[in-house]
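Below is one structure; the comments refer to it alone.
Naming convention: chains lettered A, B, ... in sequence-line order (proteins, then strands); numbering from 1 in each chain. Atom set for the values below is all heavy atoms of this structure, side chains included, hydrogens, waters and symmetry mates excluded.
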Amino acid sequence: MVQIEIDEDACVGCGSCVEDCPNDVYEMDEAKNKTKVVNLEDCMACLSCHEICPAQAMEHQDIHVAKRLYIDRKVNYALDRII
Amino acid sequence: MEIEEIRGTFKPELIPKETGGDLDDYEDALHVLMKFMGSMSSALEQVSGRGANAIVYQAGKRMGHESAKMMEKTENLEKALDEMGDVLGHEFYFEKWKPSGQSSYTTQEGDQVVIKLLFMDCVVRQTLRRTGLPQKGPLCYLLYGYMVGAVEEVMDIKGKIDIDHVGPNACLKTLTITWSGK
Ligand code: SF4
Ligand code: SF4
């Protein structure tokens, strides 16, 4: 089952993930001004929240990782050597 | 870049082994095809506007009908979807999905049955991302048409598919079938 970790140090409290998630997985913790996971069961691992989050503050664990054949292996190899 | 020329002997009806290519060749060809598909899709949209979706949808539907002719006919939606999953294979890997508050995958509304499908792997999505195009455009309609065509063929009913949500790792769609026939 999917697990979502929020890096509270990174989260800037913009609420974009709350707005964007189609299944209402997140809610704002008003006291902390950070997002929190309130509906994990309905997460379908679409990763839209990863694209919208300006702080890359969330991590989804134990999910199906879709194939990304559009990523050029040669580019990946070059990046691997640089980074 | 230096192009390595392949030379060999060719006889009628024989495919020389030199034409096989390796993984790099397949990867290059895949990327070229993705770029072609992406350019065709955006040009089609530019020329035909929203009509592009309908054209691509019809093309997909025809493909769906054709490929489902080999499948066993059934009136059971879940069985039909399992068969379609086998035909679509790993490149269009999908699973049935339901919100946690719903007890079964299918819901009945009058003569309609509704089921949500989560597409996890999708070559169309990869093509769009390769070419920097947004999801939900004409190319996505190829897969919608395919699913509808295939389910119509296998179950001999009328179907339609709607997009609930598109994401970089999975897309949720709603398949609705109507029992009252075509
Ligand atoms: S992966 Fe999708 S469903 Fe899950 S929390 Fe993110 S946006 Fe919501
Ligand atoms: S989108 Fe990112 S930064 Fe904004 S509230 Fe959500 S986790 Fe925090």
request  = Starting from the C-alpha separation in whole Å, work towards a yes-or-no answer on side-chain contact (heavy atoms from CB on, under 4.5 Å) for B:S41 and B:V56.
outcome  = CA-CA 9 Å; B:S41 164; B:V56 179; over 6 Å; no
remark   = Turns out that what part of B:M34 lies under 4.5 Å from chain A's heavy atoms comes down to side chain
task = Determine, step by step, whether B:L117 and B:L172 satisfy the side-chain contact (heavy atoms from CB on, under 4.5 Å) criterion, reporting the C-alpha distance in whole Å, the side-chain angles of both residues, the deciding distance to 0.1 Å, and the verdict.
result = CA-CA 6 Å; B:L117 304 175; B:L172 189 66; over 6 Å; no
key: Interchain contact, B:V123 with chain A, by part (heavy-atom threshold 4.5 Å)   = neither
message = A quick test of your reading: do over 12 heavy atoms of other residues, nucleotides or ligands sit less than 6.0 Å from CE of B:M120?
response = yes
query = Taking atom types as modelled and ignoring hydrogens, do the side chains of A:H60 and A:Q3 form a donor-acceptor contact shorter than 3.5 angstrom?
reply = no
query = Where on B:D24 is there a heavy atom nearer than 4.5 Å to chain A: the side chain, the backbone, both, or neither?
reply = both
ask   = In terms of heavy-atom proximity below 4.5 Å to chain A, should B:E27 be classed as side chain, backbone, both, or neither?
value = side chain
inquiry  = For the interface with chain A, which of B:G167, B:C122, B:S100 has the highest count of heavy-atom pairs at distances below 4.5 Å?
reply    = B:S100
note = Okay, B:Y93 and chain A: the region with an atom under 4.5 Å from a heavy atom over there is side chain
task = Could you verify whether a donor N or O on one side chain and an acceptor N or O on the other, from B:T131 and B:K35, lie under 3.5 Å apart?
result = no
ask   = Given that the side chain runs from C-beta out, which part of A:D42 has a heavy atom under 4.5 Å from chain B: side chain, backbone, both or neither?
value = both
query = Is it the backbone or the side chain of B:L128 that comes under 4.5 Å from a heavy atom of chain A, or both, or neither?
reply = neither
query = Would you find more than 12 non-hydrogen atoms of other residues, nucleotides or ligands less than 6.0 Å from B:M71 atom CE?
reply = yes
